[in-house]
Amino acid sequence: MTSPLSTLESSRLGVSMRDKPAPYGYDTGLFVLRLALGLTMAAHGAQKLFGWFGGPGLDGTGQFFTMSGYPAGRTMAVVAGLSETLGGLGLVAGLLTPLAAAAVVGTMINALAVKWGGGFFAPKGVEYELLLIAGAAALALTGPGRLAVDRFLPGLRVHRPVRGVAALVLGVVVAGVMLLVRK
């Protein structure tokens, strides 16, 4: 049953209660985005860390990082692999979502810098990395929705956009530091 106030507000705005958006639709959409983005990133991290899914593992990824100008290639491979795996799994679960998204953004900024100059489209382009950055940034700013572990954590129960902005700033700063050490 609707309250008189909600009926009054709805009639004043010219919107019936039936035409209001269903919040669970938003939550489901955010969940689908988290699953797609998070599982993709976790799989990429597993390629780097463990050689799963046809990936090069730590040795191959470390060699790639060294060839790309990063010092201590194997260490950088561990950092990138953990950022992708843990960030991706955090997004899937909706756990510490702003930080998980920031890990993805930071890692993808470095991937973007390595691939820059190859045009926009695959196989040498950057559209994939840009899409992952945009999706992760969107999740950091909107929050994970109600179908997330964050909803059960006292400090994260209600998403605050300022936390998303702060996490993204952290991800960009850390990515910038990593790019500064690159030759």
Practice item. Check whether any side-chain heavy atom of T142 lies under 4.5 Å from a side-chain heavy atom of Y26, and answer yes or no. Key: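 Contact flag for T142/Y26 side chains = no.
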
Check your understanding: Is any side-chain heavy atom of L170 closer than 4.5 Å to a side-chain heavy atom of L99?
Key ->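 Answer yes - side chains close enough.
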
Return the minimal non-hydrogen interatomic distance between [X] and [Y], and the atom names on each side.
X    : Y    : value
A103 : G87  : CB-CA, 4.3 Å
G94  : P144 : CA-CB, 4.2 Å
V104 : G88  : CG2-N, 4.4 Å
G62  : A77  : N-CB, 3.7 Å

Practice item. Could you note down all residue pairs passing side-chain hydrogen bond (donor to acceptor under 3.5 Å, both in side chains) where residues 119-128 supplies at least one of them, sequence neighbours left out? Key: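 Of all non-adjacent pairs touching residues 119-128, those that pass side-chain hydrogen bond (donor to acceptor under 3.5 Å, both in side chains) are H44-Y128.
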
Check your understanding: If you look only at pairs with a residue in residues 77-92, which of them pass as a side-chain hydrogen bond (donor to acceptor under 3.5 Å, both in side chains), with sequence neighbours excluded?
Key ->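 Counting only pairs at least two positions apart or across chains, the side-chain hydrogen bond (donor to acceptor under 3.5 Å, both in side chains) contacts touching residues 77-92 are K48-E84.
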
How would you list, by chain and number, every residue that makes a ring-ring contact (aromatic ring centres under 6.0 Å, His included) with [X], sequence neighbours excluded?
X    : result
Y70  : F65
W52  : F50
H159 : none

For [Y], is there any backbone N or O sitting under 3.5 Å from a side-chain donor or acceptor partner on [X]?
X    : Y    : value
R34  : L147 : yes
R146 : D27  : no
E129 : A111 : no

Under the side chain to side chain contact (heavy atoms under 4.5 Å, CB included) test, residues paired with [X] that sit two or more places apart:
X    : answer
A100 : L91
A102 : A167
V92  : L35, L39
L156 : L96, D150, L153, R163

Counting only pairs under 3.5 Å, give me each side-chain donor-acceptor contact of residues 172-183, with atom names and distances, residues two or more places apart or in other chains.
from : atom 1 : to  : atom 2 : distance (Å)
R182 : NE     : S68 : O      : 2.7
R182 : NH2    : S68 : O      : 3.3

Do [X] and [Y] belong to the same hydrophobic cluster, where Ile, Leu, Val, Met, Phe, Trp and Tyr are linked whenever their side-chain heavy atoms lie under 4.5 Å apart, directly or via other members?
X    : Y    : answer
L30  : V158 : no
F121 : L112 : yes
M41  : V114 : yes
L89  : V149 : no
L82  : L58  : yes

Review point. For R74, what residues pass the salt bridge (Lys or Arg N to Asp or Glu O under 4.0 Å) criterion, not counting sequence neighbours?
Key: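 Applying salt bridge (Lys or Arg N to Asp or Glu O under 4.0 Å) to R74 gives D59.
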
Point to revise | Between CG on residue L139 and OG1 on residue T97, distance to nearest 0.5 Å | key: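 Nearest 0.5 Å value for the CG-OG1 distance: 7.5 Å.
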
Practice item. Measure the spacing between CE of M108 and CG of L37 and express it to the nearest 0.5 Å. Key: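 Between M108 CE and L37 CG, I get 9.5 Å after rounding to 0.5 Å.
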
Practice item. Take L168 and L141 through the test side chain to side chain contact (heavy atoms under 4.5 Å, CB included) and record every step on the way to the result. Key: CA-CA 9 Å; L168 289 174; L141 296 171; 3.9 Å; yes

Point to revise | Co-members of the apolar cluster containing V32 [side chain, <4.5 Å] | key: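 Hydrophobic cluster check, V32: no partners found.
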
Check your understanding: Can L130 and F120 be said to form a side chain to side chain contact (heavy atoms under 4.5 Å, CB included), step by step?
Key -> CA-CA 9 Å; L130 287 172; F120 183 74; 3.8 Å; yes

